[in-house]
Amino acid sequence: MAQWTVIRQAIAGNRDIAELMTAGLHGEHALDAADQLRLEQMLSENAWAAFHIWDRTLRGVFPKGAFEATPGALLCGLLRTMRGEAWWRSAKHTGFIPGFVLDVDAVLAKNSGVSVVVNEDTHDS
């Protein structure tokens, strides 16, 4: 998908973005307002790209479980970081539809042992 290509190429082609994503996500140094905004935009782009796979899985374009196995797992790797977790706590209430939020939280919980409500529309019963 084009969304993922843009993200991957931005990170691969720009060391500053790669450093922002690694050191910034893990809280290795303080971020000024501009770098905080840049990090939040990269997280948002990753979540938006994951949303497209989630939506296409919901619509039957991809098989059930595609979201959880691929972009859901990759997104959760970002959201388990110090700053990724803080961003998701805020962003999930303002920028994403509830079904997507439930499924991202379910993937996060699956790998942490926490129980959450799963969006029944996207999962086998």
Side-chain angles (χ1 to χ4, degrees):
M1 293 192 42
Q3 292 91 343
W4 290 112
T5 300
V6 171
I7 294 167
R8 286 190 307 266
Q9 291 304 311
I11 293 169
N14 187 314
R15 184 169 182 84
D16 287 343
I17 293 174
E19 288 176 357
L20 177 69
M21 291 298 291
T22 54
L25 282 170
H26 296 286
E28 294 176 9
H29 58 76
L31 298 178
D32 63 17
D35 278 345
Q36 181 65 37
L37 178 62
R38 291 172 66 206
L39 179 63
E40 290 171 0
Q41 290 302 307
M42 288 299 294
L43 288 166
S44 183
E45 285 300 314
N46 273 277
W48 184 241
F51 171 82
H52 286 282
I53 301 294
W54 175 84
D55 182 60
R56 289 174 183 154
T57 302
L58 184 69
R59 296 173 191 275
V61 175
F62 298 118
K64 287 187 183 233
F67 169 74
E68 294 83 359
T70 54
L74 295 171
L75 182 60
C76 288
L78 298 174
L79 301 182
R80 282 193 199 98
T81 64
M82 184 184 89
R83 288 194 176 115
E85 182 180 359
W87 174 82
W88 180 242
R89 276 194 313 269
S90 174
K92 71 182 181 178
H93 299 293
T94 58
F96 300 98
I97 63 172
F100 177 71
V101 171
L102 285 171
D103 284 350
V104 170
D105 285 345
V107 174
L108 283 164
K110 179 181 176 187
N111 294 316
S112 69
V114 175
S115 178
V116 297
V117 175
V118 174
N119 182 0
E120 293 298 327
D121 292 338
T122 60
H123 294 81
D124 289 322
S125 298

Notebook entry, point to check: Which pair of non-hydrogen atoms, one from A50 and one from L75, has the smallest distance, and what is that distance?
Noted result: CB-CD2, 3.9 Å

Item checked: V101 side chain reached by H93 side chain, heavy atoms, under 4.5 Å -> no

Note to self: Do the side chains of D16 and R38 get close enough for a salt bridge, i.e. N-O under 4.0 angstrom?
What the structure shows: no

Item checked: Criterion side-chain contact (heavy atoms from CB on, under 4.5 Å) on L108 and R80, from CA distance to verdict -> CA-CA 8 Å; L108 283 164; R80 282 193 199 98; 4.0 Å; yes

Check: Any side-chain donor-acceptor pair under 3.5 Å between Q41 and E45?
Finding: no

Next item on the list: Establish whether M42 and L31 are linked, either directly or via other cluster members, by ILVMFWY side-chain heavy-atom contacts under 4.5 Å.
Entry: yes

Check: Do W54 and F62 have ring centroids that are under 6.0 Å from one another?
Finding: no

Notebook entry, point to check: D35 and L20: which non-hydrogen atoms are nearest, and at how many Å?
Noted result: O-CD1, 3.6 Å

Margin query: Tell me whether S90 contacts the main-chain N or O of W87 through its side chain, where contact means a donor paired with an acceptor under 3.5 Å.
Written below: no

Next item on the list: Would you give the length of the straight line joining atom CD1 of I53 to atom CG of L58, rounded to the nearest 0.5 angstrom?
Entry: 13.0 Å

Check: Looking only at heavy atoms, what is the nearest atom pair of C76 and V104, with distance?
Finding: SG-O, 4.0 Å

Next item on the list: Taking the side chain as every heavy atom from C-beta outward, state whether P71 and F51 have any pair of such atoms under 4.5 Å apart.
Entry: no

Margin query: Rounded at 0.5 Å granularity, tell me how far CG in L25 sits from CD in E85.
Written below: 12.0 Å

Notebook entry, point to check: Parallel, tilted or perpendicular: which describes the rings of F96 and W88, with under 30° parallel and over 60° perpendicular?
Noted result: tilted

Checklist line | Sidechain-backbone polar pair: T22 side chain, A18 backbone, donor-acceptor under 3.5 Å | finding: yes

Notebook entry, point to check: Can you check whether F100 reaches I97 side chain to side chain, under 4.5 Å on heavy atoms?
Noted result: yes

Check: Side chains of Q9 and T5: does their closest heavy-atom pair fall under 4.5 Å?
Finding: yes

Notebook entry, point to check: Do I11 and W48 sit in the same hydrophobic cluster, where Ile, Leu, Val, Met, Phe, Trp and Tyr count as joined when their side-chain heavy atoms come under 4.5 Å apart?
Noted result: yes

Next item on the list: Can you measure from CG (L78) to CE (M21) and round to the nearest 0.5 angstrom?
Entry: 5.0 Å

Note to self: If I take atom CD1 from residue I7 and atom CG from residue N46, how far apart are they, to the nearest 0.5 angstrom?
What the structure shows: 4.0 Å

Next item on the list: Evaluate the side-chain contact (heavy atoms from CB on, under 4.5 Å) criterion for residues L43 and R83: first the C-alpha distance (whole Å), next the side-chain angles of each, then the deciding distance (0.1 Å), finally the verdict.
Entry: CA-CA 10 Å; L43 288 166; R83 288 194 176 115; 5.7 Å; no

Next item on the list: Determine the minimum heavy-atom distance between T57 and K64, stating which atoms define it.
Entry: CG2-CA, 4.1 Å

